[in-house]
Amino acid sequence: MEVAANCSLRVKRPLLDPRFEGYKLSLEPLPCYQLELDAAVAEVKLRDDQYTLEHMHAFGMYNYLHCDSWYQDSVYYIDNLGRIMNLTVMLDTALGKPREVFRLPTDLMACDNRLCASIHFTSSTWVTLSDGTGRLYVIGTGERGNIASEKWEIVFNEELGDPFIIIHSISLLKAEEHSIAILILRIEKEELDMKGSGFYVSLEWVTISKKNKDGKKYEITKRDILRGKSVPNYAAIEPNGNGLMIVSYKSFKFVQVDQDLEENMNEDMSEKIQVEPLYYWQQTEDDLTVIVRLPENSVKEDVHVQFLPDHINIMLRDCQLLEGKLYSSIDHESSTWIIKENNSLEIFLIKKNEGLTWPELVVGDKQGELIRDSAQCAAIAERLMHLTSEELNPNPDKEKPPCNAQELEECDIFFEESSSLCRFDGSTLKTTHVVNLGSNQYLFSVVVDPKEMPCFCLRHDVDALLWQPHSSKQDDMWEHIATFNALGYVQASKRDKKFFACAPNYSYAALCECLRRVFIYRQPTPMSTVLYNRKEGRHVGQVAKQQVASLETNDPILGFQATNERLFVLTTKNLFLIKVNTEN
């Protein structure tokens, strides 16, 4: 069995700035343009049965504004009339109205359990679309940058079951066969799951293909399903279609469709609905007591117990209940057993090494449960007392004081669970690479090069580091390409933040709150006048600026996208454009 390689992310030290002094608030006004929408955005609010944190992450915080990374400054949204609306900006002072490029053939309002409609720009000429009711569309668009040749036509249209949203998609051309691989997400209820909320996250990898030589229609050629307990922060298919990368707090694993899926669910259920332990055991400094529950009407003749100095074997009629090597040696001649009136087998083992605490009865056996009495627990607590204290930092004056939690700020506190970055092989469906991200909090993703996988940004200490996956480089699969100084620390203090983004050329990062306010953090730029740092006695040649924009609306922000020059902010009834950079 192949074991996944444990990898690490290699930080490029030259991209870090240990002398970064922070962002300086700039009061320079930012040009802001407002467009009123003909129809409201097709927002879908969470239903009463979508009450978990995973529903909020996947659907409640959904970004309704979509950026076409193949064409600069082109954004799309879907309105209540089922129209896909596009705004392409050529000149800020001559903005036109968003134009309709496609209309969904189904009535969005007719489905009671629908999700938000989602769209992904697969290539410069292909688009994948979900109407939120469970139907998937693959659309050929022509060259979207050229209005004369742009024409949206459905080439695939099929119901895929329960409603879903599209996470990612790619276009592949191999040996005269054109394929489109799509990653879709659902949150489904598992009725037999008695633990937690009973919901699980399903990621389905769907491949749709057509062979050019026979000219047949596009059809589904492959469907693979991954299941997990948390909504992935990041999930993307590799450009060559050979693998999949996921960043999540809880691990995912592939399950087979149809019959194998049912078998997998039955296996999971059998683990969850597991009966009581096969045996219970407890110990003192001198001996051990093992209690095994027997079937009713069991008699002494049905039971056979064999003691050896370091081995035990328990048989019931012709069935072996327990057999294996003991953790330590026993006095097998003095050890005994008896059948009690309550149909239980009670075994007494005498330790050869008195005072030795056994962590397990039989080496490697997990069928039993150790019962500790209160006196044992008190003795263990007393032995560990020197390692703990009821007071926080009880003696801060000693030579090496422990960490004082009062010195930590809220933005230094991370989730208890540790997230991981996993790479899955598309053919074997096994995990090939794992990166334990620890407390490197996931921040956002951005498409730097549409022909490559999306980049993801992680917090490293106080900074925010941008990583570009390279599926072709097995030894160095993730490249550190940019750093936003101190942004990991700064963003953590924004309690009401909703969306996070950065320019594809890394010139700035931006985040918005649920209402009105947008914060922009620029990379350090040279100053026209040189400043002097008195504390360090050196000249400062460049400064990183922070700017704040306040939108003239009381509607909640539903979408947020960044390009090299502009920020696009979508509310229920308006589309705002903020000019961040002037064209080089």
Side-chain angles (χ1 to χ4, degrees), residues 43-65 112-118 130 132 134 162-168 183-204 225-236 244-253 255 265 268 272 409-422 436-445 454 456-459 464 488 491-501 511-515 556-560:
E43 179 187 7
V44 180
K45 297 186 183 295
L46 293 180
R47 304 188 303 271
D48 291 342
D49 59 344
Q50 296 174 319
Y51 54 83
T52 68
L53 186 61
E54 308 313 319
H55 286 101
M56 174 58 72
H57 282 166
F59 313 131
M61 299 286 284
Y62 186 75
N63 193 338
Y64 286 86
L65 190 61
D112 293 334
N113 67 332
R114 71 187 178 101
L115 300 175
C116 41
S118 54
S130 163
D162 293 335
F164 58 86
I165 59 172
I166 297 174
I167 301 295
H168 189 241
L183 200 59
I184 63 178
L185 180 144
R186 297 183 180 95
I187 297 180
E188 299 180 297
K189 182 78 171 176
E190 191 170 345
E191 299 298 339
L192 296 177
D193 189 354
M194 303 303 177
K195 294 183 180 180
S197 65
F199 288 97
Y200 66 90
V201 179
S202 170
L203 281 178
E204 186 171 348
I225 295 176
L226 297 99
R227 287 178 58 180
K229 283 292 188 179
S230 67
V231 171
N233 294 314
Y234 171 96
L244 173 71
M245 294 186 192
I246 295 177
V247 176
S248 62
Y249 280 106
K250 295 183 179 176
S251 61
F252 278 79
K253 66 176 180 179
V255 295
M265 289 176 64
D268 290 347
K272 289 170 185 169
E409 299 183 41
E410 287 187 20
C411 49
D412 289 316
I413 299 172
F414 299 100
F415 293 100
E416 291 181 4
E417 294 181 86
S418 174
S419 59
S420 61
L421 165 61
C422 297
N436 181 13
L437 299 180
S439 60
N440 297 134
Q441 178 191 4
Y442 173 88
L443 300 178
F444 62 89
S445 63
F456 54 87
C457 189
L458 303 176
R459 177 175 175 175
Q491 61 82 31
S493 65
K494 306 298 182 193
R495 290 173 172 266
D496 297 326
K497 66 177 180 293
K498 186 172 185 180
F499 298 121
F500 209 154
L511 62 88
C512 71
E513 296 182 337
C514 299
L515 286 171
I557 294 177
L558 300 180
F560 189 68

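Sequence positions, counted from 1, serve as the residue numbers for this chain.
Ser251 meets the side chain to side chain donor-acceptor pair (under 3.5 Å) test with no other residue; sequence neighbours excluded. The side-chain contact (heavy atoms from CB on, under 4.5 Å) test applied to Glu513 returns Asp496, Arg517, Phe519, not counting sequence neighbours.
Taking the six-membered ring for Trp and thresholds of 30 and 60 degrees, Tyr62 and Tyr64 have ring planes more than 60 degrees apart, a perpendicular arrangement.
Counting only heavy atoms from C-beta outward, the side chains of Phe560 and Lys498 never approach each other to under 4.5 Å. Counting heavy atoms from C-beta outward, Gln441 and Gln491 have side chains that approach closer than 4.5 Å. Residues Pro232 and Phe252 form a side-chain contact, since some pair of their non-hydrogen atoms from C-beta on lies under 4.5 Å apart. Counting heavy atoms from C-beta outward, Tyr200 and Ser202 have side chains that approach closer than 4.5 Å.
Remark: side-chain polar atoms of Ser230 are not paired, donor with acceptor, to backbone N or O of Ser248 under 3.5 angstrom. Counting only distance, with no hydrogens or angles, the side chain of Arg186 and the backbone of Asp162 share a donor-acceptor pair below 3.5 Å.
Taking CG of Leu185 as the start and CD of Glu204 as the end, the distance is 11.0 Å to the nearest 0.5 Å. With rounding to the nearest 0.5 Å, the separation of CZ in Phe444 from CG in Asn63 is 13.0 Å. Annotation: the span from His55 atom NE2 to Asp49 atom CG amounts to 6.5 Å, rounded to 0.5 Å. Interatomic distance, OG of Ser118 versus CZ of Phe59, reported as 9.5 Å (0.5 Å rounding). Here CG of Leu515 is found 7.0 Å from CD1 of Ile557. Values are rounded to the nearest 0.5 Å. Between the CG atom of Leu203 and the CG atom of Leu244 there is a distance of 7.5 Å, given to the nearest 0.5 Å.
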### Task
Using the side chain to side chain contact (heavy atoms under 4.5 Å, CB included) rule, take Leu421 and Leu458 through it: C-alpha gap first, then chi angles, then the decisive distance, then the call.
CA-CA 11 Å; Leu421 165 61; Leu458 303 176; over 6 Å; no
### Message
For a side chain to side chain contact (heavy atoms under 4.5 Å, CB included) check, start with the C-alpha distance between Leu115 and Gln50, then their side-chain angles and the critical distance, and finish with the verdict.
### Response
CA-CA 11 Å; Leu115 300 175; Gln50 296 174 319; 3.5 Å; yes
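Nearest heavy-atom pair, Asn436 versus Ser419, reported as atom, atom and distance to 0.1 Å: OD1-O, 3.5 Å. Between Cys116 and Ile165 the shortest heavy-atom distance is O-CG2, 3.8 Å. Nearest heavy atom pair, residue Lys229 against residue Lys250, reads CB-CD, 3.6 Å. Residue Ala236 comes nearest to Leu183 through the heavy atom pair N-CD2, 4.2 Å, listed as atom of the first residue, atom of the second, then distance. In plain terms, the two heavy atoms of Lys497 and Ala492 that are nearest each other are NZ-CA, 4.4 Å. Residues Ser445 and Tyr234 come closest through the heavy atom pair CB-CD1, 4.0 Å.
In this structure, Tyr51 has its ring center under 6.0 Å from that of Phe199.
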